Amino acid sequence: MIILVVLIVIWEIWVQFGDIPKWQLPAPSAIAQEIVASWSLLLHHAYITLQEIVAGFFVALIFGLLLATAVTHSKILERAILPIIVSSQTIPIIAIAPLLLIWVGYGLASKIIVVVLISFYPIAVNTIDGLKAINTDMVAMMRSLGASRWQIFTKLQIPTSLPYMFSGIKVGISISVIGAVIGEWVGASGGLGYLIKYSQPLFLTSRVFAAIFVLSIMGVALFALAGLVERLMLPWYYAEKRAKSASQ
Amino acid sequence: MVEVNQLSKSFSTEEGERKVLDNITFRVNTGEFVSVIGPSGCGKSTLLHIIAGIDEADGGEIKINGDANSPKLGHIGYMQQKDLLLPWRTVLDNVILGLELKGVAKLEARQKAIEHIETFGLKGFENQYPFVLSGGMRQRASFLRSVLLHQEVMLLDEPFGALDALTRHQMQEWLMNLWRTLGNTIILVTHDTDEALLLSDKIYVMSARPAKIVMSLEVDLPRPRTHATVTEPEFAKLKAKLLAQLHEK
Ligand SMILES: Nc1ncnc2c1ncn2[C@@H]1O[C@H](COP(=O)(O)OP(=O)(O)O)[C@@H](O)[C@H]1O
Ligand SMILES: [Mg+2]
């Protein structure tokens with residue numbers, strides 16, 4: 001926090017005394033003024049981007065969890081699906097994003113798909129790790145108590161995987177912000193990515209920075225929200241972690 | 001009554017077949033406390049896994065009350081050395097796990113469990129997460145999880161192995177009292193001669209791998225026993241017999 005403040009102060013002084021033109025690098029104070037001046041414009045575009053992120057993230061969550069369940073359910077599915085999941089990440093999103101425009105048009109759908117493509121991956125991979133993290137002694141204990149396969153899945157495997165799943169969710173929700181911007185970049189009629197793209201050629205550099213600032217605030221807020229949900233859903237995990245760090 | 005008849009078991013490993021159990025036969029009468037003692041790695045846990053129904057034997061059979069096909073999973077209590085409490089459940093919700101898996105409603109299951117919380121020394125900890133508990137309390141919670149299912153046969157796999165000596169002694173006395181009130185059939189696996197002699201009616205000694213039963217010893221020490229029993233001459237005599245067998249090469 002202190003580091004951040006110091007950096008901003010250095011930036012401000014550097015721009016003020018270095019006579020750097022505003023269209024090249026605006027001072028933080030100029031960006032702040034821009035945020036106030038274009039508040040309603042920023043809000044309008046932020047709202048569009050947020051819709052894309054939220055919709056894309058939830059689709060990615062469901063998709064990621066389904067894939068993880070399928071992969072850990074049978075060896076055959078694992079061999080069939082896992083290579084596809086991994087190779088999907090080697091495709092540069094920036095290259096297929098324009099194709100999406102051709103396929104599904106300029107609307108929200110193309111952006112949502114980009115968000116899904118980017119953020120399902122950490123969710124799926126972490127959840128797979130989590131579902132595999134069960135201890136064989138625990139499984140033996142459950143079986144000896146008469147648990148069915150389904151009960152072992154719901155009462156042992158899923159709870160074991162939750163901390164892993166939340167790690168994936170926190171990464172996924174952060175990068176879904178990037179996904180939405182990429183989606184807007186290649187073709188859109190609104191959103192903060194769109195605003196950045198069209199402010200740049202006009203040398204409205206403070207507006208570009210203002211939009212970036214709002215994007216990062218959104219990213220941080222979404223991350224914090226995911227962290228909050230995690231704390232509410234995993235009270236035992238945090239209680240244990242706290243106790244352990246206190247005893248050290 | 002539990003009858004183990006000519007049980008054999010091998011595992012295939014990278015170095016080839018590993019024979020673990022070789023024609024194991026013994027019998028435990030209803031209400032009896034029997035210990036199986038043997039060197040580390042001889043196949044004690046494997047034996048209990050098979051009796052519990054978690055693993056299958058290559059040959060032989062297990063009869064429960066004369067029935068070789070009686071269902072095992074969910075019907076035979078099985079406690080491992082590790083307490084295996086679920087970290088995301090409170091103590092109370094951990095002990096009702098078995099009832100819950102059987103379809104008993106949570107509220108009803110909790111009601112039943114609360115009646116026993118005091119006997120199991122868990123009063124005041126019902127709503128805590130298990131990491132708060134001491135080693136002995138964790139084991140008692142795991143016992144209660146089994147006991148609530150009212151299973152006639154209970155298998156205990158070195159349940160006190162990870163506890164410090166003093167806690168272990170307290171737990172042994174506590175278990176003797178519990179068994180007296182429950183009156184169920186217990187098979188305890190251990191490598192601790194004092195523990196086996198103190199608790200059991202009968203002890204079977206297993207050899208090193210591939211394990212055979214090499215000795216059966218009646219422990220006719222009068223009950224109730226306490227830790228003072230360990231110092232009596234009768235106890236020492238039995239212990240000498242047991243040690244002689246265990247150290248025989
Ligand atoms: N799943 C398995 N695969 C291969 N070997 C095993 C397996 N389970 C146990 N063993 C081997 O069987 C032997 C007996 O193991 P175990 O029953 O755990 O011994 P104990 O409980 O008496 O210490 C050991 O040598 C162990 O390595
Ligand atoms: Mg063992």
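Chain identifiers are assigned alphabetically (A, B, ...) following the order of the sequence lines, protein sequences preceding nucleic acid strands; residue numbering begins at 1 within each chain. Excluded from the calculations below are hydrogen atoms, water molecules and symmetry mates; all remaining heavy atoms, backbone and side chain alike, are included. Bear in mind that the values here come from a model prediction, so they are computed numbers and not experimental data.
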Contacting region of B:L85 [heavy-atom separation from chain A under 4.5 Å]
backbone
Hey, which of B:L48, B:I54, B:L84 is the one that makes side-chain contact (heavy atoms from CB on, under 4.5 Å) with A:S144?
B:I54
Mind checking the CD1-CH2 spacing from A:I158 to B:W88? Nearest 0.5 Å is all I need.
10.5 Å
If you count heavy atoms of other groups shown closer than 6.0 angstrom to CD of B:E118, is the number above 12?
no
Pairs involving residues 140-160 of chain B, ordered by first then second residue, that meet ring pair (Phe, Tyr, Trp, His ring centres under 6.0 Å) (sequence neighbours left out):
B:F143-B:W174
Check whether more than 12 heavy atoms from other residues, nucleotides or ligands sit under 6.0 Å from atom CD of B:E61, and answer yes or no.
yes
Quick check on A:F213: does its CZ atom have over 12 non-hydrogen neighbours (other residues, nucleotides or ligands) under 6.0 Å away?
no
Interatomic spacing from CG in B:D93 to CH2 in A:W236 - rounded to 0.5 Å
14.0 Å
Taking everything shown except A:L228 itself, do over 12 heavy atoms lie less than 6.0 Å from its CG?
yes
Evaluate A:D137 against B:Q81 for side-chain contact (heavy atoms from CB on, under 4.5 Å), listing each step before the verdict.
CA-CA 10 Å; A:D137 291 336; B:Q81 174 167 358; over 6 Å; no
For B:L107, look at atom CG and say whether over 12 heavy atoms of other residues, nucleotides or ligands are found less than 6.0 Å away.
no
Rounded to the nearest 0.5 Å, what separates atom CG in A:L145 from atom CG in B:L73?
10.0 Å
Would you compute the distance between atom CZ of A:R143 and atom OH of B:Y78 and round it to the nearest 0.5 angstrom?
11.0 Å
Among B:P87, B:G77, B:A52, which residue forms the greatest number of heavy-atom pairs with chain A at distances under 4.5 Å?
B:P87
Near A:Y194 OH, under 6.0 Å, is it more than 12 heavy atoms from other residues, nucleotides or ligands?
yes
In terms of heavy-atom proximity below 4.5 Å to chain B, should A:L162 be classed as side chain, backbone, both, or neither?
neither
Based on non-hydrogen pairs under 4.5 Å, which of B:H75, B:H49, B:Q80, B:K72 is most in contact with chain A?
B:Q80
Roughly how far, to the nearest 0.5 Å, is CE of A:M141 from CZ of B:R145?
4.0 Å
Has A:L232 got more than 12 heavy atoms of other residues, nucleotides or ligands less than 6.0 Å from its CG?
yes
Any sub-3.5 Å donor-acceptor pair from A:E240's side-chain atoms to B:F131's backbone N or O?
no
Minimum-distance pair of heavy atoms, taken over all atoms of A:M138 and B:L86
SD-CD2, 3.6 Å
Less than 4.5 Å apart, any side-chain heavy atom of A:K155 and any of B:E100?
yes
Region of A:T160 in contact with chain B, defined by heavy-atom distances below 4.5 Å
both
Is A:F58 atom CZ crowded by more than 12 heavy atoms from other residues, nucleotides or ligands, each under 6.0 Å away?
no
